[in-house]
2 protein chains.
Amino acid sequence: MKTARPKPEPPDRIDRDAYQPAYAQLADILRGQVARGRFLPGDRLPSEAELCRTYQVSPMTVRRAVNILADQDVVRTVQGLGTFVKPLQLGAAAFQLRELQDLFSDPDQVRVKLLDVRMVPAGQGAAAELGLSPGDKAIFIRRLLLVREEPAFYHREYLVYDPGRPVVEAEMEVTSLRGLFSGAGDGLIKGGRLTVEAVLLDEEALGLLAGGPGPAAGLRLEHVFYDFDDRPVSWGWFLCRSDRLRLSTRVGYERAGSGRPGLKRGS
Amino acid sequence: MKTARPKPEPPDRIDRDAYQPAYAQLADILRGQVARGRFLPGDRLPSEAELCRTYQVSPMTVRRAVNILADQDVVRTVQGLGTFVKPLQLGAAAFQLRELQDLFSDPDQVRVKLLDVRMVPAGQGAAAELGLSPGDKAIFIRRLLLVREEPAFYHREYLVYDPGRPVVEAEMEVTSLRGLFSGAGDGLIKGGRLTVEAVLLDEEALGLLAGGPGPAAGLRLEHVFYDFDDRPVSWGWFLCRSDRLRLSTRVGYERAGSGRPGLKRGS
DNA sequence: TAGTGGTCTAGACCACTTA
DNA sequence: AAGTGGTCTAGACCACTAG
């Protein structure tokens, strides 16, 4: 199956009246040339001074365009030598949780069913992750997340119980959970750690997630969150059937300017 | 368990003689202030003009520092309004395959054992992914990747067989596979698509990966690669036991300048 | 209208690499 | 020494938001 591909070959010059700023246009032009194979991995790009002359822009503008490509791992710059096209690196691949975020950003699709909230003595895991002594009080929450009324995620979470900290109450978000994914997060959490791994779903999860009887694999997304004093606030994990969550990404050079979706501001 | 944390409170001024450039220092200062809670999510940062005066740098330098924070999703800039601290967004989390890359970058640790190479008629999946007709010839490869002589990954791959394309031969890398992960990749592959999902390991994989008898969960890393003419070249997947590969990441604000590990050049 | 960020200029000086 | 990228200046003009 060999078909001749039409190559539009864009004009490759800066349009000063365009909506896109000059540095972004130049970055797209160069990225396109790399993607079309005009510059192959290992090749040196024209020097920045040369690019200034070719595209009639100032050094700073060329600079910014090259910086963008460097940030996107398309090229590598070496002082005194030049700018070189980087080879494909599988290890540079980054999987986003965007699907989750998109899901939660539509409040009509997702409903959170609270299964259980109670005070428990912290077990081994919770004590270690939350910096408690085994037996200290913790709040235990079990939730079921329904997507279009179908069970999708099973969530278990332990929250530090400390009357001196209003954090916990505010952070519980018992009914929504949405803030965490789509932002807002009311600003009491400073950061956290996330881990994804494959697990064998246990009986409880299988029952809740409407899986068949037999053994089934699932993804486990574990999380620990910290407040602004670097004290752990919550530890827990989401379980889902493997067909409900899949992480995917692209590597390599693409034509569009959307090499990485997270570039709000220029460089 | 509440302990008083010592807060070093760095000097928060630019050291012109430091190794780090001014824009990076300023970015670290501002990130630190956000991380310490001086600016909370939703707060507005001082205007760029004010930052110029406070830290005695030019507008472009402030600009670059703010751009870095925007790229790292620490702040959001709104024209005409100001720069604001972003709340935590779980969906923005990105999982890297860095562990894999690190693994493969040490050639002493990894050995590839070739289990099988032969020509086969493409099946349903291979035909669809590689743009072939079912029954077209494809090269089928099975590999076992050993880490410190212990089986870690089982790899199955289908390569397009086309005598007119030398790509395949060069890309097979029958014995190493290393190029793909650590770079080099000899420049014949333009890009690809990667997907991670949880699966139940089958008998064959269980046997090869030295798992126990019972059912076990594993991660499946599927890949499709394209050449510079956008033609699919290879389709396949890696299987590993869940305890061999785990994706983890951090979200939120950190003190160090290593918010994202991929920032070679300034902005 | 005043203040904000967004873009861009036309240089300067420095550090580095290669020859 | 010549050429490269790395940083930085001191402004300019524009688009946008608010009161």
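Chain A is the first sequence line, chain B the second, and so forth, proteins listed ahead of strands; every chain is numbered from 1. Since the structure is predicted, the reported quantities are computational estimates derived from the model, not experimental observations.
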(message) On DNA chain C, does the nearest nucleotide to B:G82 precede the nearest nucleotide to A:A24 from the 5' side, or the other way round? Give the residue.
(response) B:G82

(request) Look at the side-chain N and O atoms of A:T77 and state whether any lies under 4.0 Å from the OP1 or OP2 oxygen of D:dT4. (result) no

(request) For C:dT4, take OP1 and OP2 only and decide whether either is under 4.0 Å from a side-chain N or O of B:S47. (result) yes

Whole-Å gap separating [atom2] ([N]) and [atom1] ([X]):
X	N	atom1	atom2	value
B:E50	C:dT4	CD	P	8 Å
B:Y19	D:dG6	OH	P	12 Å
A:D43	D:dT4	CG	C1'	17 Å
B:E48	D:dC8	CD	P	16 Å
A:D17	C:dC8	CG	P	12 Å
A:L69	D:dG6	CG	C1'	17 Å
A:N67	D:dG6	CG	P	7 Å
A:R64	C:dC8	CZ	C1'	9 Å

Tell me if a side-chain donor or acceptor on [X] pairs with a main-chain N or O of [Y] at a distance below 3.5 Å.
X	Y	result
B:D43	B:L40	yes
A:T249	A:A93	no
A:E197	B:L245	no

(message) Ring-plane angle category for B:F238 and B:H155, please: parallel below 30°, perpendicular beyond 60°, tilted otherwise.
(response) parallel

(request) Side-chain contact test, heavy atoms from C-beta onward, threshold under 4.5 Å: evaluate it for A:V147 versus A:R244 and give yes or no. (result) yes

(message) We want to know whether B:R31 and B:Q72 form a side-chain donor-acceptor pair, criterion being a heavy-atom distance below 3.5 angstrom.
(response) yes

(message) Quick one about B:Q20 and B:D28 (side-chain donor to acceptor, distance below 3.5 Å, no hydrogens or angles considered), yes or no?
(response) yes

(message) I need a per-nucleotide contact map over nucleotides 10-19 of chain C, read 5' to 3'. Cutoff is protein heavy atoms under 4.0 Å; write B for the base, S for backbone only, - otherwise.
(response) BB---BBSS-

(message) Salt bridge or not between A:E222 and A:R193? Use side-chain N to carboxylate O under 4.0 Å.
(response) no

(message) Tell me whether B:K190 is salt-bridged to B:D227, with the criterion being a basic N under 4.0 Å from an acidic carboxylate O.
(response) no

(request) Go ahead and write out DNA chain C as dot-bracket, 5' to 3': ( ) for pairs within the strand, [ ] for ones crossing earlier pairs, | when the partner sits on another strand, dots for unpaired; Watson-Crick or G-U wobble, both distances under 3.5 Å. (result) ||||||||||||||||||.

(message) I want to verify a distance call: between D:dG5, C:dT4, D:dC8, whose nearest atom is closest to the B:R44 side chain?
(response) C:dT4

(request) Identify which nucleotide among C:dC8, D:dT9, D:dC8 has an atom closest to any side-chain atom of A:Y23, counting heavy atoms from C-beta outward. (result) C:dC8

